[in-house]
Structure formats: C-alpha cells, structure tokens
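Everything below concerns the one structure shown next.
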Amino acid sequence: MKDLKGLYSALLIPFDENGEVKEEGLRQVIEHNINVSKIDGLYVNGSSGENFLLNTAQKKQIFKFVKEVVGDRVKLIAQVGSLDLNEAVELAKYATELGYDSLSAVTPFYYPLSFNEIKHYYKTIIDATDNSMILYYIPFLTGVKISLDQFAELLEDEKVIGVKYTAADFYQLERFRKRFPNKLIWSGFDEMLVQAAITGVDGAIGSTYNVNGQRSQEIFRLAKEGKVAEAYELQHEANDVIEKVLELGLYQTLKEILKVKGIDAGTCKKPMKSFDPAKLAEVEKLVKDYNL
Ligand code: NAY
C-alpha cells in the first residue's frame, strides 16, 4: 500500500450558476494544487467540495474527472460518506474501481444515532470493497462525538487505517497518538497545523491548502523538525489569511483567491451564497500581501 502521509488539499469544486460542475475550471484547480500548492494529495468530495449539496451523479462525475486529470501524480482519497448508506456503498465501489488510494467517510449526521449504528454504517461501507478506510471525524459540523474507546473499536478493523481529525481537542489527539501509534492521523484544522504537527499527526487535509499549500508544507516540515518558533512565524501568516477568508466567507473567498490568480474556480453551489464583488479589492490585497 502507498504511503498516504502528507498534506492534502480538500479539493474545491467550481460550480456554475446552475450548480453544475465546471470541469475546465476544476482541471485548473487541480493543476494549481499539484504545480503551485505542491500538495501531496487531494481529498475529494469532502466538506470543501460542497459534497453534501450534490447528487450521486455529480459526486461520481467529480471522482471520475479528478482521477482522469490527476492520474498517479498525487495521492487521492475519496470521501464517500452519506446519510444514504446505499449511496455510500455505491460511491465506495465506484471510487475504488477508479483507483482511489483510500476511502474516507464522514460520521453519519443529523439523526442522533447510537455508536452501534455508526459502527454498522462503517462496517457496511468497509466490507463493500477491498480498499482502506479513513474515518472522517468533524464533530463541530456533524454533532457526532466519538470517545477514545469507541475509536478503538472502529480501528480494530485493519482496513481502517486512520482518522481525519477535524477537532481542536488536543488532549484527545494526544491520547489517540499514544494509543494507536500504527494508525494514521490527518489534521483537519489548517489554523492549528503547528499544534497538530507537534502532537504527532502524519499529515493534514484542508481547504486553505488549495491556495496556501507551499507555506503550509513549510509549517508542517518545520514543526516536525522541532523548529517550532520558525513554524509559528509562518502559521501566523497563514492564520492572517485564514482569518480574512473566514470573515469574507470560507469557500467563496478561497475560490475568489484562485480567480485572482487566473483560475476559473466558479462559484459555490446554492444555497451557499456567492462571493460579494464589493469585497474583491480585499482579496486582491490578500493575494498580494501574502504572496498567495
Ligand atoms: C473537508 O472535508 O473539506 C474538510 O473538512 C477540510 C477541513 C476544513 N474544514 C472545513 C469544514 O472546511 O480546512 C478546514 C477548514 O476549512 C479550515 O481549517 C478553515 O477553518
């Protein structure tokens, strides 16, 4: 199996005004990620891909197109989690046949499910293919919390290779690292990359790496080498960018940054709002000031 460690962009997807995927724009976003952001891989159909606003045909279209464009140049993880378990299984099979390096699935959300129901959900997806699985833990959006002992139960299956951990619970992260030294952890909060790297994660998956990949790679490398003060200098810069992006609207503004760079990153899918054109000068300044 490939070494899946490293920094992944949670791939942004360009949409047109009707909510259809702009394939040519997506090609440009992918090339930018590989050639400019210098990421190690792409996390496809995650939150940043607006996945939970898409129908099955669009999810498949994106999985197929991304693989066609990327080939084997960088690693690919397919997020297939869905409230419709049948859809999750279908997507898991589809992405595996396309050659995705691993699957990942968000914890099922909205309905307050028991841990046994969540376990059954993962087992059903995992058993559908011979691919590996990365748990996608993001309690602030799903409302689903998993304890360390519950993680242990999910990780008993050797096909579960690790977790994408999007939470700021550094105590749990430290306990996780100590208890499961052979499992992989990808950090999901770009604004806390230094802290996550010091805690011993194996990589990170984030939306802002689409536009700020090289600086983020450097943060990760420096922190891993114990050069914490230097890493923090760059994290401060990254967080200036993230703060502004969050203020202006996360995915809209990341797409706008790409547009300033000449990439047709399209718009967000409704009901997400589009970027406010009155704020364009602020984005242009951000790109210039932080050399994005
Ligand atoms: C995903 O699946 O796209 C992710 O979860 C990537 C992680 C991002 N989380 C969300 C909810 O977008 O990169 C982070 C996040 O955008 C960043 O840290 C800014 O808060």
Side-chain angles (χ1 to χ4, degrees), residues 6-15 26 29-30 33 37 39-54 59 62-63 66 75-83 88 91 95 100 102-109 133-144 162-170 173 185-197 201 203-213 215-217 219-220 234-258 265 268-269 272 286 290 292:
L7 213 73
Y8 291 64
S9 281
L11 186 64
L12 295 166
I13 306 294
F15 293 99
L26 179 53
V29 176
I30 294 168
N33 265 299
S37 291
I39 44 79
D40 300 300
L42 296 170
Y43 187 82
V44 184
N45 282 341
S47 316
S48 310
E50 299 165 59
N51 172 75
F52 304 105
L53 306 178
L54 306 184
K59 293 175 188 178
I62 293 166
F63 281 138
V66 172
K75 297 170 269 197
L76 290 176
I77 299 172
Q79 196 296 123
V80 300
S82 168
L83 287 183
L91 294 173
Y100 274 69
S102 183
L103 303 173
S104 180
V106 71
T107 52
F109 50 91
M133 167 61 67
I134 298 163
L135 309 172
Y136 180 7
Y137 184 58
I138 181 162
F140 92 101
L141 286 184
T142 58
V144 178
V163 62
K164 164 162 143 55
Y165 190 86
T166 308
D169 184 345
F170 283 92
L173 189 62
I185 310 172
W186 290 265
S187 167
F189 269 130
D190 315 3
E191 48 277 64
M192 290 171 253
L193 184 57
V194 170
Q195 293 90 334
V201 301
I205 297 168
S207 62
T208 66
Y209 308 146
N210 284 274
V211 303
N212 194 23
R215 186 181 276 114
S216 306
Q217 286 280 23
I219 293 170
F220 195 66
L234 293 179
Q235 185 77 64
H236 288 316
E237 292 176 10
N239 287 0
D240 290 345
V241 174
I242 292 172
E243 187 176 40
K244 191 71 189 169
V245 164
L246 291 174
E247 177 199 318
L248 297 180
L250 179 57
Y251 308 129
Q252 298 87 340
T253 308
L254 293 174
K255 288 179 181 181
E256 208 58 30
I257 291 172
L258 290 171
C268 287
K269 191 165 189 305
M272 274 195 209
L286 199 65
Y290 291 90
L292 296 176

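Whatever order the structure lists ligands and atoms in, that order sets their numbers, starting from 1.
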Counting distance only, does the side-chain N/O of [X] pair as donor-acceptor with the main-chain N or O of [Y] below 3.5 Å?
X    : Y    : answer
Y251 : K269 : no
N51  : G46  : no
S104 : I134 : yes
S9   : N210 : yes
E50  : C268 : no
Q235 : D190 : yes

Min heavy-atom dist Q79 to ligand 1 below 4.0 Å = no

Y43 touching ligand 1 at heavy-atom level, < 4.0 angstrom = yes

Can you find an N or O of S207 that's nearer than 3.5 Å to an N or O of ligand 1?
-> yes

Under 6.0 Å between ring centres, would you say that holds for [X] and [Y]?
X    : Y    : result
F109 : F52  : yes
Y8   : Y209 : no
Y43  : Y136 : yes

Given that the side chain starts at C-beta and the backbone is N, CA, C, O, which of these parts of Y136 lies under 4.0 Å from ligand 1, counting heavy atoms, or is it both or neither?
-> side chain

Short version for L250: what comes under 4.0 Å of ligand 1, heavy atoms counted, is side chain

What residue and atom, counting heavy atoms only, is the protein's closest point to [atom], and at what distance?
atom                    : value
atom 20 (O) of ligand 1 : E191 OE2, 2.7 Å
atom 4 (C) of ligand 1  : K164 NZ, 3.1 Å
atom 9 (N) of ligand 1  : G188 O, 4.2 Å
atom 10 (C) of ligand 1 : Y251 OH, 3.5 Å

Taking only heavy atoms of [X] into account, list the atoms of ligand 1 that are under 4.0 Å away from them.
X    : result
S47  : 1 (C), 2 (O), 3 (O), 5 (O)
I205 : 6 (C), 7 (C)
A10  : 1 (C), 3 (O), 6 (C)
F189 : 18 (O)
D190 : 13 (O), 14 (C), 17 (C), 18 (O)
G46  : 2 (O), 3 (O)
L141 : 11 (C)

Sub-4.5 Å side-chain heavy-atom contact between S48 and L11 = no

